[in-house]
Trainee: 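Take this structure first; my questions come after.
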Amino acid sequence: MVYKDIYDGWKADPEGFWMQAAKAIDWIRPPSKALFDENAPIYEWFSDALVNTCWNAVDRHVEAGRGDQLALIHASPVTHTTKGVTYRDLRDHVAEIAGGLLAKGVKKGDRVIIYMPMIPQAVEAMLACARIGAVHSVVFGGFAAKELAVRIEDCKPKAIIAASAGIEPGRIVHYKPLLDQAIELSSHKPDFCVIYQREQEISELIPGRDYAWHSFRFGVEPAECVPVEGNHPAYILYTSGTTGQPKGVIRHTAGHLVALSWTVKNIYNIDAGDRFWTASDVGWVVGHSYIAYGPLIAGATSIIYEGKPVGTPDAGMFWQVIQNHKVKSFFTAPTALRAIRREDPEGEFIREYNLSKLQAVFLAGERADPETIAWAEKHLKVPVIDHWWQTESGWPIAANPFGIELLPVKPGSPTLPMPGYDVQVLDDEGQPLPAGELGAIAIKLPLPPGTLPGLWQAEDRFRKSYLEKFPGYYETGDAGYIDGDGYVYIMARTDDVINVAGHRLSTGAMEEILAAHPDVAEAAVIGAADQLKGQMPVGFMILKKGSSKPHDQIVKEVVALVRERIGPVAAFKSAVVVDRLPKTRSGKILRATMAKIADGEDVVAPATIDDPAILDEIRQALGTIGYGPR
Ligand code: COA
Ligand code: AMP
């Protein structure tokens with residue numbers, strides 16, 4: 001079958017399509033139907049089934065004779081180690097950790113925060129939760145204590161599983177003090193913490209609260225897989241919205257299993273026994289879907305890479321890992337390839353390795369610029385596939401379905417919508433726009449299985465953020481267009497979210513921090529184009545009357561504040577003091593106009609601006625920090 005038949009088949013009979021896809025899952029009680037639409041526009045999938053994610057990702061492969069196959073390979077250039085975990089070992093480790101959690105009172109439905117670097121134990125911790133029906137929430141290691149505290153406060157975990165340390169080039173990330181500080185900051189306190197002590201740093205444990213990973217596992221009754229309902233939350237993953245309060249995206253168990261199982265084969269062309277490498281982090285949705293769950297549900301081997309594309313130690317490391325571990329499908333962010341290309345423009349490192357097993361490279365997380373794709377295709381000599389999705393969707397909305405057929409590529413487009421997604425471009429009134437016209441990208445409801453059914457304890461916010469603006473549709477927050485052949489083009493965000501090195505960040509959250517500085521009266525943050533990272537945040541501050549501190553001192557302080565409150569991942573390094581900010585007559589700051597000025601574009605003052613002269617002031621201020629016309 002070709003893509004078109006499959007997509008049309010889904011459109012003609014979505015229920016039949018998803019019930020067929022559901023056959024790839026081992027059910028304890030099979031679903032009686034796929035879609036549950038009683039509470040539309042809130043939809044659920046396979047709600048009346050009983051199932052267990054860990055069984056499907058681990059145990060069933062051991063039962064099927066894959067016990068000795070590697071489930072995980074930890075490729076860690078930053079610690080100079082490579083280590084494999086077989087499916088049998090994975091099952092045993094996970095059952096022990098899950099047993100430890102049960103013994104300490106963690107039950108089905110309780111939340112567990114996981115704050116760990118790229119080590120196999122992070123995936124084991126996720127699976128241990130899945131085994132007993134606990135709801136995990138993984139927090140990315142590049143976030144500061146304050147961000148961790150916000151998540152503890154919101155999802156109220158019974159336990160936190162962390163590592164003693166992470167390793168970034170040139171420095172150790174001290175997870176344990178960050179964890180202690182976050183618990184201190186939060187009014188909710190977990191009952192206990194489990195700490196995986198790494199060789200590079202042994203943390204001091206707090207007696208009565210903290211347990212070391214190994215002793216926690218030791219001597220407990222290994223846990224069996226606990227059946228959960230199809231609509232039981234598998235996890236909560238926080239993502240940036242327009243304010244400082246992140247959104248807790250919920251993923252339901254059954255839809256997650258069905259969607260990942262379908263995509264691993266049909267998009268990434270991965271079967272049981274294949275090697276799949278996603279160079280991202282378990283703290284992001286890409287890591288949840290295609291480092292942890294997707295490859296394991298398929299019975300494949302997943303590579304967990306602890307390192308960077310460049311500098312650990314060189315721009316050839318990705319190719320070495322692909323060669324040594326016989327990677328068949330490889331997934332990374334465009335920014336990683338840009339970083340490699342900058343150091344190895346002629347692809348000399350690539351030629352040093354045997355990449356004969358590699359069939360395709362997948363890119364997502366931000367817009368893939370055609371130049372980077374062309375460079376990668378030229379040197380890697382395999383299809384380089386851009387695909388578009390988001391934390392909320394949990395799996396690709398638009399892609400080139402390599403496992404079905406390779407469709408003609410159009411540079412700048414992540415190709416066509418996947419089954420389950422009826423993607424439309426709408427005008428401000430919610431009317432579909434003709435081919436080629438730029439508008440808001442929306443998806444006709446219901447969204448398919450595996451996508452978000454809501455936000456953690458915030459149904460109103462869910463409706464307001466995604467469902468209200470265009471009734472009958474899910475609002476993606478992305479703007480773009482669809483061409484005459486149905487190819488989707490993603491051009492920008494419609495909200496105040498920016499994308500820095502494939503990391504989704506809220507300018508609103510940074511503005512709140514800038515505005516909290518004692519000398520700052522008002523602040524704005526924009527995303528300015530950056531050759532390597534796609535975008536970089538740039539701050540503007542109006543100072544309070546009477547502020548006498550030198551401006552560069554204030555800039556230094558706010559840069560430090562953002563790092564301390566959000567974390568190094570925000571990459572907030574530039575800010576300027578201005579007298580005024582450009583606003584509409586109704587008082588809305590014209591961030592998009594400021595971003596255009598920062599990018600050196602010619603800007604026509606919008607009709608709604610209260611005073612066009614301010615744009616020149618902004619241009620001058622940006623010039624002092626290296627932005628604007630060059
Ligand atoms: N824990 C702690 N700190 C982290 C971290 C983690 N897991 N990940 C990143 N950071 C820190 C970095 O050390 C850096 O700190 P610094 O300011 O002290 O140097 C800061 O956060 C910014 O990191 P990053 O954006 O990764 O920039 P970089 O300059 O270190 O590296 C790239 C640039 C392009 C190599 C890197 O961004 C990259 O590999 N990006 C791929 C992103 C990706 O996979 N995204 C997933 C979406 S699919
Ligand atoms: P996240 O939720 O962190 O995965 O970020 C999702 C956002 O990243 C999307 O809404 C887009 O703005 C952007 N994005 C992800 N993949 C792509 C892509 N292939 N092309 C363009 N933008 C993308």
Side-chain angles (χ1 to χ4, degrees), residues 78 115-118 122 139-144 163 165-175 178 237-241 247 249 278-291 305-312 315 318 331-343 362-369 373 385-399 412-415 441 452 475-480 488-495 497-505 530-536 559 562-563 566-573:
V78 292
Y115 186 54
M116 296 176 107
M118 286 294 287
V139 179
F140 176 61
F143 282 127
I167 295 136
E168 281 293 294
R171 75 188 160 101
I172 298 264
V173 184
H174 309 287
Y175 275 61
L178 289 169
L237 179 58
Y238 288 89
T239 189
S240 301
K247 295 169 169 168
V249 168
T278 297
S280 175
D281 191 286
V282 284
W284 307 118
V285 69
V286 171
H288 279 60
S289 295
Y290 299 113
I291 295 172
Y305 177 72
E306 190 181 23
K308 298 271 174 182
V310 293
T312 59
F318 271 15
F331 178 174
T332 188
T335 187
L337 292 188
R338 287 196 297 270
I340 293 174
R341 181 180 168 210
R342 198 164 70 169
E343 297 210 352
F362 293 85
L363 300 178
E366 53 166 337
R367 188 175 153 76
D369 50 297
I373 294 188
I385 296 174
D386 178 18
H387 59 329
W388 164 62
W389 50 298
Q390 30 181 230
T391 306
E392 290 85 343
S393 71
W395 55 280
I397 305 170
S413 167
T415 318
I441 304 192
L452 85 168
E475 184 187 356
T476 64
D478 284 318
V488 178
Y489 292 77
I490 309 297
M491 307 308 291
R493 290 287 301 189
T494 57
D495 56 14
V497 164
I498 58 171
N499 198 313
V500 180
H503 307 312
R504 173 169 159 181
L505 299 166
D530 183 82
Q531 276 212 322
L532 175 65
K533 297 197 176 190
Q535 285 183 301
M536 282 289 270
V559 165
V562 174
R563 191 175 172 96
I566 296 183
V569 68
F572 183 85
K573 300 202 156 87

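Ligands are counted one by one from 1 in listed order, and the atoms in each one are counted from 1 as well. Counting from 1, the numbers follow the sequence of the chain as shown. Values below: all heavy atoms of this structure, side chains included; hydrogens, waters and symmetry mates excluded. Bear in mind that the values here come from a model prediction, so they are computed numbers and not experimental data.
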Trainee: Any side-chain heavy atom of Ile167 sitting closer than 4.5 Å to one from Ile172?
Mentor: yes
Trainee: Could you label the plane-to-plane angle of the Trp389 and Tyr290 rings as parallel, tilted or perpendicular, counting under 30° as parallel and over 60° as perpendicular?
Mentor: perpendicular
Trainee: Which atoms from ligand 2 have a heavy atom of Asp386 less than 4.0 Å away?
Mentor: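 Going through ligand 2 atom by atom, the ones under 4.0 Å from Asp386 are 18 (C), 19 (N).
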Trainee: Are the side chains of Arg504 and Trp284 in touch, meaning some heavy atoms are under 4.5 Å apart?
Mentor: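 Not touching, per the 4.5 Å side-chain cut-off.
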Trainee: How many angstroms lie between OG in Ser413 and NE2 in His387, if you round to the nearest 0.5 Å?
Mentor: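 Rounded to the nearest 0.5 Å, the OG-NE2 separation comes out at 13.0 Å.
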Trainee: Considering the heavy atoms of Gly502, write down every atom of ligand 1 situated less than 4.0 Å from one of them.
Mentor: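 Listed by number with element, the hits are 47 (C).
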Trainee: Charged N to carboxylate O below 4.0 Å: is that the case for Lys308 and Glu343?
Mentor: no
Trainee: Could you give me the CA-CA distance, side-chain angles and deciding distance for Tyr115 and Phe143, then say whether ring-ring contact (aromatic ring centres under 6.0 Å, His included) is met?
Mentor: CA-CA 10 Å; Tyr115 186 54; Phe143 282 127; 9.0 Å; no
Trainee: If hydrogens are left out, which of Glu366, Arg342, Glu306, Arg563 has an atom nearest to atom 16 (P) of ligand 1, that is, the closest non-hydrogen atom?
Mentor: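 Considering heavy atoms of Glu366, Arg342, Glu306, Arg563, the nearest to atom 16 (P) of ligand 1 sits in Arg563.
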Trainee: Supply the atom-to-atom distance Leu363 CG to Ile373 CD1, rounded to the nearest 0.5 angstrom.
Mentor: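 CD1 of Ile373 is found 6.0 Å from CG of Leu363.
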Trainee: Can you check whether Asp478 reaches Gln390 side chain to side chain, under 4.5 Å on heavy atoms?
Mentor: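 Yes, at least one pair of side-chain atoms sits under 4.5 Å.
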Trainee: With side chains defined as the heavy atoms from C-beta onward, is the minimum distance between Arg171 and Val173 less than 4.5 Å?
Mentor: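 In short, these two side chains touch, coming nearer than 4.5 Å.
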Trainee: Checking a contact table here: which protein heavy atom is nearest atom 3 (O) of ligand 2, and how many Å away?
Mentor: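 Answer for atom 3 (O) of ligand 2: Arg504 CB, 3.2 Å.
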Trainee: Among all protein non-hydrogen atoms, which one is nearest to atom 1 (P) of ligand 2, and what is the separation to 0.1 Å?
Mentor: Thr391 OG1, 3.4 Å
Trainee: Classify the contact between Lys573 and ligand 1 as side chain, backbone, both or neither, using a heavy-atom distance cut-off of under 4.0 Å.
Mentor: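 Looking at Lys573 and ligand 1, just side chain atoms fall under 4.0 Å.
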Trainee: Report the part of Pro117 (side chain from C-beta onward, or backbone N, CA, C, O) that has a heavy atom under 4.0 Å from ligand 1; answer both or neither where that applies.
Mentor: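 Near ligand 1, Pro117 shows nothing, with every heavy atom at 4.0 Å or more.
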Trainee: Quick one: which ligand 2 atoms are inside 4.0 Å of a heavy atom on Ile490?
Mentor: 21 (C), 22 (N)
Trainee: Side chain, backbone, both or neither: which part of Thr335 has a heavy atom under 4.0 Å from ligand 1?
Mentor: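 Contact part for Thr335 vs ligand 1: both backbone and side chain.
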Trainee: Using a strict cut-off of 4.0 Å, indicate which atoms of ligand 2 neighbour a heavy atom of Asn499.
Mentor: 8 (O), 13 (C)
Trainee: Which atoms of ligand 1 have any heavy atom of Gly141 under 4.0 Å away?
Mentor: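 Result: 1 (N), 2 (C), 6 (C).
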Trainee: CG of Asp530 to CG of Asn499: how many Å apart, nearest 0.5 Å?
Mentor: 11.5 Å
Trainee: Between Tyr175 and Pro117, is any pair of side-chain heavy atoms under 4.5 Å apart?
Mentor: yes
Trainee: Could you tell me, atom by atom, which parts of ligand 1 come under 4.0 Å of a heavy atom of His503?
Mentor: 25 (O), 42 (C), 45 (N)
Trainee: Please identify which of these residues, Ile498, Val497, Thr239, meets the side chain to side chain contact (heavy atoms under 4.5 Å, CB included) condition with Leu505.
Mentor: Ile498
Trainee: Heavy-atom contacts with Trp389 under 4.0 Å: which atoms of ligand 2 show up? List them by number with element.
Mentor: 6 (C), 9 (C), 15 (C), 16 (N)
Trainee: Polar contacts were defined as any N/O atom of the residue lying under 3.5 Å from an N/O atom of the ligand; does this apply to Thr476 and ligand 2?
Mentor: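 N/O-N/O distance under 3.5 Å: no.
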Trainee: For atom 18 (C) of ligand 2, what's the nearest protein heavy atom and its distance?
Mentor: Glu366 O, 3.2 Å
Trainee: Which bit of Ala571 is near ligand 1, meaning a heavy atom under 4.0 Å away: side chain, backbone, both or neither?
Mentor: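 Answer for Ala571: neither.
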Trainee: For Arg338, which part has a heavy atom under 4.0 Å from ligand 1: side chain, backbone, both, or neither?
Mentor: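 It is neither part, as no heavy atom is under 4.0 Å.
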Trainee: What's the separation between atom OG1 in Thr332 and atom OH in Tyr305, rounded to the nearest 0.5 Å?
Mentor: 9.5 Å
Trainee: Compare all side-chain heavy atoms of Thr391 with those of Lys247 and state whether any distance is below 4.5 angstrom.
Mentor: no
Trainee: Checking a contact table here: which protein heavy atom is nearest atom 9 (C) of ligand 2, and how many Å away?
Mentor: Asp478 OD2, 3.3 Å
Trainee: N/O to N/O below 3.5 Å, does that happen between Arg171 and ligand 1?
Mentor: yes
Trainee: How close does the nearest protein non-hydrogen atom get to atom 36 (C) of ligand 1, and which residue and atom is it?
Mentor: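 Checking every protein heavy atom, the shortest distance to atom 36 (C) of ligand 1 gives Ala501 CB, 4.6 Å.
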Trainee: N/O to N/O below 3.5 Å, does that happen between Ser280 and ligand 1?
Mentor: no
Trainee: Hey, is Lys533 touching ligand 1 through its side chain, its backbone, both or neither, going by heavy atoms under 4.0 Å?
Mentor: side chain
Trainee: Only heavy atoms of Pro309, strictly under 4.0 Å: list the atoms of ligand 1 that pass.
Mentor: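 Result: 35 (C), 39 (O).
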Trainee: Report the nearest protein non-hydrogen atom to atom 16 (N) of ligand 2: residue, atom name, distance rounded to 0.1 Å.
Mentor: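 The closest heavy atom on the protein side is Gly365 N, 3.1 Å.
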Trainee: Out of curiosity, is Phe140 lining ligand 1, as in a heavy atom under 4.0 Å away?
Mentor: yes
Trainee: Among Arg367, Gln390, His503, Glu392, which one has a heavy atom closest to atom 21 (C) of ligand 2?
Mentor: Arg367
